[in-house]
2 protein chains.
Amino acid sequence: MSGSEIRRTMPLFPIGIVMQLTDLTARQIRYYEEHQLISPARTEGNRRMFSLNDIDLLLEIKDLIDQGVNLAGIKQLFSAKEKQVVTEEMQKEAKKVRRELSDDELRKILRSELTQAGRFNRSSLRQGDMSRFFKS
Amino acid sequence: MSGSEIRRTMPLFPIGIVMQLTDLTARQIRYYEEHQLISPARTEGNRRMFSLNDIDLLLEIKDLIDQGVNLAGIKQLFSAKEKQVVTEEMQKEAKKVRRELSDDELRKILRSELTQAGRFNRSSLRQGDMSRFFKS
DNA sequence: TTTTTATGTCATAAAACCTAACATGGTGTT
DNA sequence: AACACCATGTTAGGTTTTATGACATAAAAA
């Protein structure tokens, strides 16, 4: 493991490249940032730098706009998705905890989970997948 | 398969990012280009844009320089590697052809290959592998 | 010692990007 | 119809980043 790893969150691309990759105009990209659908990093000199995740988000935004969803709607969908991620993590954590519980306690938890079911929207957006970008 | 695929050869990164990723100075990168170890693409406005492959090459150059190899040597190594790639393709092709040959002809070919063995340097450079960059 | 190699540094010019402001075609409301 | 708002286009003026070319220099090679 070298020290120079890049994450999907690492800011790599200037806006010009992102324009090509997403087929959005600079105006659109900046507008979406202004409305907090994305938050690209900035260089010391204040230039936007986008990560792979940012590009995924922009592609999702584009899809949704093509489907007639307005920015307010997209914002809602995004925050719903965040919630979903949170609940997924909660579920994992719950599983961990369960293993350390007695069967008795486990039954209690299961019962309470069942009575609270359906709290969150379970439908998922198309997951951003950069694999279509990186062919060898 | 969408129309917006990115290949390892697709010019994506400006020199500033490449500097961070490779820990080389702009001067070094330009010098290596001047001596034809890399050939990054150019924008309409004449700015260098680097692909993932370019970055791999730069990292290999850096490694070799750290090991005391000079630019002339690196150039040789690179063209040797190209040759190797070619021979690999030749070998594949040869395999294909062999399947269409009679056992008799096959024996002839094998004999001639054996008598000509060791023509090319078989040692391989560390293959550039961007997987260290793209962690999820 | 002289030359070559690899890199640093500086000056100048241009490309790419920034923000801010105003313009405009739809869409929805009164 | 008149108005307002949304999403985007366009233009202007300023800053950052990159390009090239020239000169400087330490280390290695000749």
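Considering only side-chain N and O atoms, B:Thr43 lies under 4.0 angstrom from the phosphate OP1 or OP2 of C:dA16. Applying the 4.0 Å criterion to OP1 and OP2 of C:dT7, one finds that B:Tyr32 has a side-chain N or O inside that range.
Atom pair A:Asn70:CG and C:dG28:P shows a separation of 10 Å (rounding to whole Å applied). The nearest whole Å value for the distance from the CG atom in B:Asn46 to the C1' atom in D:dT18 is 9 Å. Rounded to an integer number of Å, the gap from CD1 of B:Ile29 to P of D:dT17 is 15 Å. For A:Glu34 and D:dC6, the CD to P distance is 12 Å, given to the nearest whole Å. The separation between B:Ile65 atom CD1 and D:dA28 atom P is 14 Å, rounded to whole Å. A:Phe13 has its CZ atom 18 Å from the P atom of C:dA16, to the nearest Å. For the pair B:Leu37 CG and C:dA6 C1', the computed distance is 12 Å after rounding to whole Å. Look at CD on A:Gln36: it is 17 Å from C1' on D:dA7, rounded to the nearest Å.
Comment: A:Glu33 engages A:Arg42 in a salt bridge, judged by a side-chain N to carboxylate O separation of less than 4.0 angstrom. Salt bridge status for A:Asp56 with A:Arg8: present, with a side-chain N to carboxylate O gap under 4.0 Å.
With A:Gln20 contributing its side chain and A:Ile17 its backbone, the two residues share no donor-acceptor pair below 3.5 Å.
Closest to the side chain of A:Ile15, out of D:dA7, C:dC18, D:dG9, is C:dC18. With distances taken from any side-chain atom of B:Arg42 to the nucleotides C:dT7, C:dC17, D:dA19, the minimum falls on D:dA19. Nearest to the side-chain atoms of B:Tyr31 among the listed nucleotides D:dT8, C:dC18, C:dA6 stands C:dA6.
Mapping A:Arg27 and A:Glu44 onto DNA chain D by nearest heavy atom places A:Arg27 at the nucleotide closer to the 5' end. Both A:Ala72 and A:Gly45 lie near DNA chain D, and the one whose nearest nucleotide falls closer to the 5' end is A:Ala72.
Looking at heavy-atom distances under 4.0 Å, B:Arg48 makes contact with sugar-phosphate atoms alone, never a base.
Just one residue in the list A:Leu71, A:Leu77, A:Leu59, A:Asn70 forms a side chain to side chain contact (heavy atoms under 4.5 Å, CB included) with A:Leu64, and that residue is A:Leu77.
When all heavy atoms of A:Leu57 and A:Leu37 are compared, the pair lying nearest together is CD1-O, 4.0 Å.
The base of C:dA16 is paired with the side chain of A:Arg47 by a donor and an acceptor separated by under 3.5 Å.
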